[in-house]
Amino acid sequence: MTTESSLALLKLQLDFGVDEAIADGPQNRYRPNVTTPPVEAVNAPANTPSARRPPATAAGFQSQTVAINSAQTMAAAATDLASLAEALRQFDGSTLKYTATNLVFADGNPAAPSMWIGEAPGADEDRQGKPFVGVSGQLLDRMLAAIGLDRRSSYITNILPWRPPGNRKPTPAEAELFQPFLDRHIELVRPRLLVLVGGTAAATLLKRPEGITRLHGKWFEHQTVAGDPASVAPVIAIFHPAYLLRQPALKRDAWRDLLAIKEKLHALGGS
Ligand code: URA
């Protein structure tokens with residue numbers, strides 16, 4: 001192949017959204033290798049690239065039902081936030097961890113009254129292993145500050161703990177797969193108020209047919225601890241900061257929603 005055609009091929013891949021090299025060489029996906037994973041993949045410590053390479057019999061070959069069952073079992077067994085993060089690291093039901101660099105679990109104060117749930121890590125979050133640290137995170141910090149909050153007085157996580165390749169939106173199947181971990185996360189934190197940051201978080205937790213344009217700013221209820229009706233907490237959806245950066249005219253509505261959160265926190269005795 002000439003240099004020109006190699007460059008043209010690379011450019012085409014960039015146009016298709018490819019932004020990571022996840023293996024040392026090409027793989028024939030029509031002839032999956034279902035033999036034992038290489039020894040170095042089994043023995044390698046957790047965070048080396050070969051340890052993150054999918055074993056041939058794991059992610060991608062599990063049915064969604066089997067993977068959800070496994071997510072439910074692993075999430076239920078987690079007794080604190082550290083063991084929940086470790087369960088997510090070990091969970092093999094999704095290929096996302098093999099293309100991501102770092103687990104993005106949460107940031108902020110788990111004892112804070114409000115828990116803010118976004119969509120999924122982007123490139124900056126994936127690099128730093130923390131949610132909302134890129135451009136939209138900077139806007140989220142300003143939104144928190146506008147109502148007297150920061151990362152010491154709030155707790156932040158995402159629907160997905162791994163970055164989807166190319167910063168694409170989580171698929172509904174991915175959101176469903178990781179929901180047992182999110183439900184357990186909410187159960188362990190037991191926030192007094194939940195804020196769903198953007199349409200994906202709203203769709204995942206509220207399970208309503210309306211989009212974020214209709215849902216934002218309205219109060220709903222969410223039982224934070226399974227089987228405990230006393231754990232019902234108010235939940236509100238707001239526009240995602242990345243959306244607000246593209247649609248600045250919506251900032252007025254976003255401000256109204258933030259004020260509603262401030263008032264509710266005050267009423268709950270949380271500010
Ligand atoms: N967008 C999100 O929804 N979450 C992040 O962590 C970063 C960007």
Side-chain angles (χ1 to χ4, degrees), residues 17 19-20 81 84-85 88-89 91 94 96-97 99-110 112 114-147 149-179 181-183 185-186 189 191 193-207 211-213 215-217 222 235-248 250-251 253-254 257-258 261:
D19 66 351
E20 314 253 0
L81 294 177
L84 186 65
L88 278 164
R89 233 175 246 118
F91 177 58
S94 158
L96 288 178
K97 79 169 175 183
T99 48
T101 307
N102 281 303
L103 177 78
V104 177
F105 183 66
D107 193 23
N109 180 357
S114 60
M115 181 168 184
W116 299 59
I117 303 173
E119 183 174 298
D124 294 308
E125 290 76 20
D126 184 43
R127 248 190 310 275
Q128 296 185 39
K130 265 192 197 178
F132 283 104
V133 291
V135 180
S136 51
Q138 286 160 18
L139 180 53
L140 180 65
D141 283 340
R142 290 201 294 280
M143 289 161 73
L144 290 172
I147 53 170
L149 298 177
D150 60 20
R151 292 187 187 222
R152 280 160 303 169
S153 53
S154 45
Y155 186 68
I156 302 173
T157 188
N158 278 313
I159 295 291
L160 294 190
W162 302 106
R163 177 199 182 206
N167 286 356
R168 64 164 171 74
K169 259 177 129 46
T171 63
E174 285 166 344
E176 187 190 14
L177 180 58
F178 282 96
Q179 188 161 358
F181 293 103
L182 179 66
D183 289 342
H185 203 157
I186 295 172
V189 170
L193 182 154
L194 276 161
V195 183
L196 307 176
V197 183
T200 303
T204 305
L205 277 202
L206 295 178
K207 312 241 183 278
I212 188 69
T213 309
L215 284 179
H216 80 93
H222 186 82
V235 52
I236 191 170
I238 62 171
F239 288 119
H240 194 285
Y243 190 51
L244 291 174
L245 287 168
R246 292 195 303 272
Q247 305 280 341
L250 293 176
K251 283 186 182 162
D253 286 349
D257 298 345
L258 288 170
I261 294 169

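Because the structure is a prediction, the values reported are computed rather than measured. Atoms within a ligand are numbered from 1 in the order they appear, just like the ligands themselves.
Under a 4.0 Å criterion applied to the non-hydrogen atoms of Gly118, ligand 1 contributes the atoms 3 (O). Against a heavy-atom cut-off of under 4.0 Å, Ser136 is close to the following atoms of ligand 1: 8 (C). Close contacts of ligand 1 with Pro131, meaning ligand atoms under 4.0 Å from a residue heavy atom, involve 6 (O).
Both the backbone and the side chain of Glu119 come within contact range of ligand 1, each with a heavy atom under 4.0 Å. Contact annotation: for Ala201 versus ligand 1, there are no heavy atoms closer than 4.0 Å.
Between Ala120 and ligand 1, an N or O atom pair is found at a separation short of 3.5 Å.
Between Leu245 and Val135 the shortest side-chain heavy-atom distance falls below 4.5 Å.
Of the possible polar contacts, one joining the Lys97 side chain to the Arg89 backbone as a donor-acceptor pair under 3.5 Å is found. Between the side chain of Asn109 and the main chain of Ser153, no donor-acceptor pair closer than 3.5 Å is present.
Here CD1 of Ile117 is found 6.0 Å from CD1 of Ile159. Values are rounded to the nearest 0.5 Å.
A salt bridge links Glu119 to Lys169: one of the charged nitrogens lies within less than 4.0 Å of a carboxylate oxygen.
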Legend entry - His185/Tyr155 under ring-ring contact (aromatic ring centres under 6.0 Å, His included): CA gap, chis, key distance, verdict: CA-CA 11 Å; His185 203 157; Tyr155 186 68; 5.5 Å; yes
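Looking at atom 4 (N) of ligand 1, its nearest protein heavy atom turns out to be Asn158 OD1, 2.8 Å.
Proximity of His240 to ligand 1 is established by a heavy-atom distance of less than 4.0 Å.
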